[in-house]
Amino acid sequence: EAGVAQSPRYKIIEKRQSVAFWCNPISGHATLYWYQQILGQGPKLLIQFQNNGVVDDSQLPKDRFSAERLKGVDSTLKIQPAKLEDSAVYLCASSSIRTVNTEAFFGQGTRLTVV
Amino acid sequence: GDSVTQMEGPVTLSEEAFLTINCTYTATGYPSLFWYVQYPGEGLQLLLKATKADDKGSNKGFEATYRKETTSFHLEKGSVQVSDSAVYFCALSESGTGRRALTFGSGTRLQVQP
């Protein structure tokens, strides 16, 4: 079974530029998450989708971050314009809704450096 | 809101030593509890989980017991190996609300020396 795929693996941009990350979840997983992991901290949820609807985006900085999940499969996360403090690893995860308390499977992440 | 507190690292142990990584949580409901591990250069992987009070999760020699009375989920292993060197994250999920997203602790780096 293929895991969660993310691209790119690494990205370096200047502040005020824009950037987009892509995620392809495990086939059949209805729930998709984007997390931000700043160096030395645990991952923090940015947004949760169920199919193509948003379940929770309360911690997404909506003035600069946006995310979409068209057709309930792939997802993109965009930052525009980027700030220095956005330097972090952006993790995508997916899980099934068929059972309660099912685990989330994580991709390897995209490491973003804003200079 | 929900939160998870882990002991700070790094934790440095010799091979075959006993490991404990403390984790306590604050939650409004009855969360499920998880330990995730991040090996160097790899993504987060589920290590073990427990979904209700007094449940014990176990995997690869690691164990953790869901203690509701002390709101704790400490990770233990009787004899660590060099290959256990990684960052360990305690996390909870309030799955009963439908939200299901994980709230993570800050992580504890374990270094095991031969």
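So you know, we letter chains A, B, ... as the sequences are listed, proteins then strands, and number each from 1. The structure presented is a predicted model; accordingly, all values stated were derived computationally and were not measured.
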**Item:** Heavy-atom side-chain proximity of A:Leu77 to A:Trp22 below 4.5 angstrom
**Value:**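 Counting from C-beta outward, A:Leu77 and A:Trp22 never come under 4.5 Å.
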
**Request:** Taking the side chain as every heavy atom from C-beta outward, state whether B:Phe104 and A:Leu45 have any atom pair closer than 4.5 Å.
**Result:**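 With C-beta onward as the side chain, the pair stays apart.
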
**Message:** Are more than 12 heavy atoms, taken from residues, nucleotides or ligands other than A:Gln80, located less than 6.0 Å from that residue's CD atom?
**Reply:**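 Result for CD/A:Gln80: open.
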
**Request:** Please check if atom NZ in B:Lys68 has more than 12 non-hydrogen atoms from other residues, nucleotides or ligands closer than 6.0 Å.
**Result:**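 Counting other residues, nucleotides and ligands, NZ of B:Lys68 stays at 12 neighbours or fewer.
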
**Item:** From OG1 (A:Thr76) to CZ (A:Phe21), nearest 0.5 Å
**Value:**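 Atom-to-atom, A:Thr76:OG1 and A:Phe21:CZ are 11.0 Å apart.
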
**Message:** Quick check: under 4.5 Å, non-hydrogen atoms only, which of residues 34-44 of chain A neighbour chain B?
**Reply:** A:Tyr35, A:Gln37, A:Gly40, A:Gln41, A:Gly42, A:Pro43

**Prompt:** Checking B:Gln38 against chain A: side chain, backbone, both or neither under 4.5 Å from a heavy atom?
**Reply:**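 Only the side chain of B:Gln38 comes within 4.5 Å of chain A.
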
**Asked** Restricting to pairs with a member in residues 82-91 of chain B, which pass salt bridge (charged side-chain N to carboxylate O under 4.0 Å, His left out), not counting sequence neighbours?
**Response**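 Listed by first then second residue: B:Lys77-B:Asp84.
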
